[in-house]
2 protein chains.
Amino acid sequence: MASLQTPYPAPARVPDDDAPRHTSARERIAARGGRVTRTRLAVLEMLQHGTHPLSHDEIAEALASAGIAHDRVTLYRALDWLVEQGLARRIAGGERAWRFEGVRDAGHRHAHFHCDRCGQVVCLEGLQPAPATALPSGFQVERADLVLHGQCAACGRRDEELRP
Amino acid sequence: MASLQTPYPAPARVPDDDAPRHTSARERIAARGGRVTRTRLAVLEMLQHGTHPLSHDEIAEALASAGIAHDRVTLYRALDWLVEQGLARRIAGGERAWRFEGVRDAGHRHAHFHCDRCGQVVCLEGLQPAPATALPSGFQVERADLVLHGQCAACGRRDEELRP
DNA sequence: GGGCTTGATGCAACATTGTAGCATTAGGCT
DNA sequence: AGCCTAATGCTACAATGTTGCATCAAGCCC
Ligand SMILES: [Mn+2]
Ligand SMILES: [Mn+2]
Ligand SMILES: [Zn+2]
Ligand SMILES: [Zn+2]
């Protein structure tokens with residue numbers, strides 16, 4: 001499956017009230033009235049420290065590598081719960097599988113880039129999804145999902161190396 | 001399954017060179033060197049006349065209603081072929097299933113609105129997906145998919161009727 | 001620390017969406 | 001009308017996610 005590296009470094013982030021740097025995954029889970037289980041804990045820590053959205057499959061693989069026993073269904077349910085609680089966000093990359101990223105600032109939204117070559121999804125922190133202008137009357141917009149598709153920098157470099 | 005009505009009328013469209021109004025589905029298929037089969041023909045006609053993107057399932061249902069015998073797999077392949085040929089476009093509505101719409105103008109792109117209540121996807125002809133500004137170097141953007149999520153006008157009205 | 005309660009897990013079975021292989025059919029051409 | 005082969009129909013399979021239910025263990029009270 002896909003590796004867990006990100007092809008470009010994420011920019012520095014400003015800590016916010018919702019999730020100050022020193023609030024541990026354990027505390028954030030407990031604060032929502034959820035039980036701190038090994039799967040939830042490991043997944044939330046992974047998402048908090050991750051720089052790009054991860055698929056269920058990638059997370060499962062990482063858990064396995066870390067020697068954390070887990071069940072497919074439990075992982076689905078843990079991810080659902082994290083999203084419900086606002087601790088994670090679900091991203092549709094244009095494939096059939098969802099991807100998940102940790103939520104630092106509940107108010108902060110950003111666009112994503114999906115590489116159609118390698119399947120990586122990277123966060124475009126600087127790019128806000130367009131606001132809901134010129135919408136037919138009666139429509140209420142909850143959120144905007146903007147996904148750019150194309151070729152990532154890593155795939156571009158790989159191309160150049162192959163034909164110099 | 002979902003009905004085939006659209007909750008708001010599509011604006012008038014200007015015919016273009018790629019697909020002048022008088023070019024029949026039959027002619028467009030043949031022009032690409034494809035064989036004109038009943039499934040391709042019916043699907044392309046449906047997409048050309050439709051005002052919002054349809055899922056495989058909705059198309060299958062419409063074919064069945066029209067008494068056009070078809071196979072699940074054949075329909076998948078017909079849709080793939082139409083997309084390859086530039087006659088249809090695939091839209092990720094944020095669910096697991098793709099949706100398809102006819103392509104009138106190959107150059108024209110627009111955003112979509114996905115109603116999280118009823119699942120309908122409607123075209124926002126006036127809203128262009130944001131261009132690729134402020135992208136990390138080395139990234140090449142092919143296209144932008146912008147999907148607004150929220151509640152459509154029909155669902156809003158239904159709400160008001162229930163609690164007046 | 002020991003027991004209770006119930007939220008969370010693990011497992012099996014199922015649903016949906018889409019693909020692959022391959023024999024058969026039928027579209028278009030002569 | 002007959003031929004060639006693109007397209008179909010069928011079966012089997014893969015990937016992703018969901019549901020039901022018995023069992024386990026996290027957190028709480030003592
Ligand atoms: Mn992101
Ligand atoms: Mn559209
Ligand atoms: Zn790439
Ligand atoms: Zn709706």
Side-chain angles (χ1 to χ4, degrees), chain A residues 1-2 24-44 53-61 63-64 67-85 87-88 90-100 114 116 119 121, chain B residues 1-2 24-44 53-64 67-85 87-88 90-100 114 119 121:
Chain A
M1 300 284 132
S24 68
R26 174 178 296 277
E27 285 167 322
R28 297 180 81 193
I29 292 170
R32 264 80 178 179
R35 290 185 182 173
V36 179
T37 65
R38 66 180 187 282
T39 304
R40 280 183 185 170
L41 196 54
V43 170
L44 182 53
L54 300 173
S55 68
H56 173 280
D57 213 49
E58 288 167 334
I59 296 169
E61 203 186 338
L63 287 180
I68 295 164
H70 64 283
D71 181 77
R72 235 168 53 85
V73 178
T74 300
L75 178 52
Y76 276 117
R77 292 198 270 230
L79 288 167
D80 285 347
W81 186 84
L82 291 173
V83 170
E84 267 170 33
Q85 300 302 318
L87 296 174
R90 207 187 301 267
I91 285 133
E95 286 167 321
R96 302 180 55 219
W98 294 105
R99 287 166 179 272
F100 300 86
H114 179 119
D116 294 331
V121 173
Chain B
M1 302 283 131
S24 69
R26 173 178 297 277
E27 285 167 323
R28 296 180 82 194
I29 292 170
R32 264 82 178 176
R35 291 185 182 172
V36 179
T37 64
R38 66 179 188 281
T39 304
R40 281 183 184 170
L41 196 55
V43 171
L44 183 53
L54 300 173
S55 68
H56 173 279
D57 213 49
E58 288 167 334
I59 296 168
E61 203 186 339
L63 287 180
I68 295 165
H70 64 285
D71 181 75
R72 233 169 54 84
V73 179
T74 300
L75 178 51
Y76 277 117
R77 293 198 271 230
L79 288 167
D80 286 347
W81 186 84
L82 290 173
V83 170
E84 267 169 35
Q85 300 301 318
L87 296 174
R90 206 186 301 268
I91 285 132
E95 285 167 323
R96 301 179 56 218
W98 293 105
R99 286 165 180 274
F100 299 87
H114 178 120
V121 173

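Here is the naming used below: chain letters follow the sequence lines, and residue numbers restart at 1 for every chain.
Applying the side chain to side chain contact (heavy atoms under 4.5 Å, CB included) rule to B:V36 yields the partners B:R26, B:I29, B:A30, B:L41; only residues at least two apart in sequence or on another chain are considered. For B:E84, the side chain to side chain contact (heavy atoms under 4.5 Å, CB included) test picks out B:W81, with sequence neighbours left out. By the side chain to side chain contact (heavy atoms under 4.5 Å, CB included) test, B:R38 pairs with B:I68, B:A69, sequence neighbours left out. Every residue was checked against the salt bridge (Lys or Arg N to Asp or Glu O under 4.0 Å) condition with A:D71, not counting sequence neighbours, and none meets it. For A:A92, the side chain to side chain contact (heavy atoms under 4.5 Å, CB included) test picks out A:W98, with sequence neighbours left out. Checked against ring-ring contact (aromatic ring centres under 6.0 Å, His included), A:H56 has the following partners two or more places apart in sequence or in another chain: A:Y76. B:D80 is linked by a salt bridge (Lys or Arg N to Asp or Glu O under 4.0 Å) to B:R90, counting only residues two or more places apart in sequence or in another chain.
Atoms CH2 (B:W81) and C1' (D:dA6) sit 11 Å apart, rounded to a whole Å. Rounded to an integer number of Å, the gap from CD1 of A:I29 to P of D:dA26 is 13 Å. Between the P atom of C:dT17 and the CH2 atom of A:W98 lies a distance of 13 Å, rounded to the nearest Å. Rounded to a whole Å, the CG atom of A:L41 is 17 Å from the P atom of D:dA25.
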Close N or O pairs between protein and nucleotides 28-30 of chain C (under 3.5 Å):
from: C:dG28; atom 1: OP1; to: B:V36; atom 2: N; distance (Å): 2.7

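In the helix from C:dG1-D:dC30 to C:dT30-D:dA1, the rotation axis of the first five pairs and that of the last five pairs differ in direction by 40°, rounded to 10 degrees.
In this model, a side-chain donor or acceptor of A:R96 finds a partner on the base of C:dT17 within 3.5 Å.
Within residues 68-79 of chain A, the residues having any heavy atom closer than 4.0 Å to DNA chain C are, in order of number, A:D71, A:V73, A:T74, A:R77.
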